[in-house]
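Okay, handing you the structure first.
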Amino acid sequence: VGHNRTGVDSVQAALEVARTLSTLQQQSEGAVRLVGVTGYEGHTPVLAPAEKSAATHAAHSLLRAARDAIAQELGAEAVPVVSGGGSSNYMDCLAEGVLTELQAGGGALTDQLYADKAGLGAHGHRIGTFVLTVVTSVAQDGSRAMADAGFKTVGWHPFAGFPRVLGRDDVEVYGMSAEHLKLRSTDPATPLTLRVGERLQLAAPYLDSLAHLHSRIVVTRDQVVIDEFAIMSIRK
């Protein structure tokens with residue numbers, strides 16, 4: 001809703017689709033079922049807080065109107081599910097009270113985009129998704145260094161930007177290629193103190209563009225591995 005994708009363009013159009021599905025449900029003896037309406041307001045994640053709240057309200061007003069129109073004609077049992085929202089605006093979604101299904105997922109692990117650009121850091125979320133990289137070379141004058149995590153390792157999303165180096169305020173990422181990460185000092189007058197073979201922890205820029213590049217997620221607490229999960233989209 002509001003993201004200019006290819007769903008229906010009006011409440012009336014949503015009602016017409018519901019009518020068609022209701023007929024198909026009867027004709028197919030339940031093989032096709034109408035269970036509700038969905039509308040994802042995908043244009044809201046990086047809006048400023050006040051704009052995000054207003055955009056969510058506008059989107060959910062349309063969802064409410066579609067739900068009510070279908071319920072009035074076909075009965076409330078035809079639309080038990082109203083699905084929408086996401087991690088970046090879940091607090092506004094809850095305030096609207098329209099959804100029965102909230103499509104929040106990424107916020108459970110929270111990456112750099114969700115914490116910073118989408119504003120979840122202001123709501124108490126901490127980045128919980130990380131990537132380890134190893135320093136592979138350091139310039140003799142300490143002006144720059146390379147590590148082994150490029151696009152193929154950390155993914156890419158224009159809103160997320162380059163990954164942050166965690167626990168090292170003296171080091172920043174200034175570029176990436178397919179297989180390498182470019183590092184430099186945050187203070188141009190101070191050479192890097194990195195060593196070849198040193199491990200660095202990166203904040204995951206955007207989990208959706210990163211997870212499919214790996215075969216498993218390793219879970220740690222206080223730097224100790226406590227569990228791991230296979231990423232089902234990856235087959236060895």
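Residue indices begin at 1 and follow the sequence shown.
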Short side-chain to backbone donor-acceptor contact, K52 and V46, under 3.5 Å
no
With a 4.5 Å cut-off on side-chain heavy-atom distances among I, L, V, M, F, W and Y, is there a chain of contacts connecting Y40 to L63?
no
Keeping the roles fixed (side chain from S53, backbone from P49), state whether a donor-acceptor pair exists under 3.5 Å.
yes
Determine whether a donor-acceptor pair (N or O, by modelled atom type, separation under 3.5 Å) exists between the side chain of Q201 and the backbone of L166.
no
Can you tell me if CG on D227 sees more than 12 non-hydrogen neighbours from other groups inside 6.0 Å?
yes
Which label fits W156 and F151: parallel for a plane angle under 30°, tilted from 30 to 60°, or perpendicular past 60°?
perpendicular
Under 6.0 Å from the CG atom of D169, do we count more than 12 heavy atoms belonging to anything else shown?
no
When every non-hydrogen atom of V98 is compared with those of H60, the smallest separation belongs to CG2-O, 3.9 Å
Could you check whether T38 and Q103, counting side-chain N and O atoms only, form a donor-acceptor pair closer than 3.5 Å?
yes
Run the ring-ring contact (aromatic ring centres under 6.0 Å, His included) test against F130 and tell me which residues pass, sequence neighbours left out.
none
Heavy atoms, side chains only, cut-off 4.5 Å: are T153 and H214 in contact?
yes
Mind checking whether V225 and F229 sit in one hydrophobic cluster, side chains of I, L, V, M, F, W, Y counted as touching below 4.5 Å?
no
Would you check if the side chain of D222 reaches a backbone N or O of V224 as a donor-acceptor pair within less than 3.5 Å?
no
Identify whether L192 and V196 are in the same connected component of the hydrophobic contact network (ILVMFWY, side-chain heavy atoms under 4.5 Å).
yes
Shortest non-hydrogen contact from A55 to L47?
CB-CD1, 3.9 Å
Other residues, nucleotides, ligands: >12 heavy atoms within 6.0 Å of F159 CZ
no
Could you point out which residue of L183, L200, V154 forms a side-chain contact (heavy atoms from CB on, under 4.5 Å) with V173?
L183
Shared hydrophobic cluster, I231 / L202 (ILVMFWY, side-chain heavy atoms < 4.5 Å):
no
Once you measure the plane-to-plane angle for Y90 and H125, does it fall in the parallel (<30°), tilted (30-60°) or perpendicular (>60°) bin?
perpendicular
Taking the side chain from T56 and the backbone from D92, do they hold a donor-acceptor pair closer than 3.5 Å?
no
Evaluate whether atom CZ of R64 has more than 12 neighbouring non-hydrogen atoms of other residues, nucleotides or ligands under 6.0 angstrom away.
yes
Pair T186-D170, side-chain donor/acceptor within less than 3.5 Å
no
Work out which heavy atom in I127 is nearest to a heavy atom in A203; give both atom names and the distance.
CD1-CB, 4.0 Å
Would you say the side-chain atoms of S87 pair up with the backbone N or O of A104, donor to acceptor, closer than 3.5 Å?
no
Test of understanding: clusters of I, L, V, M, F, W, Y form through side-chain heavy atoms closer than 4.5 Å, transitively. Do V165 and V138 belong to the same one?
yes
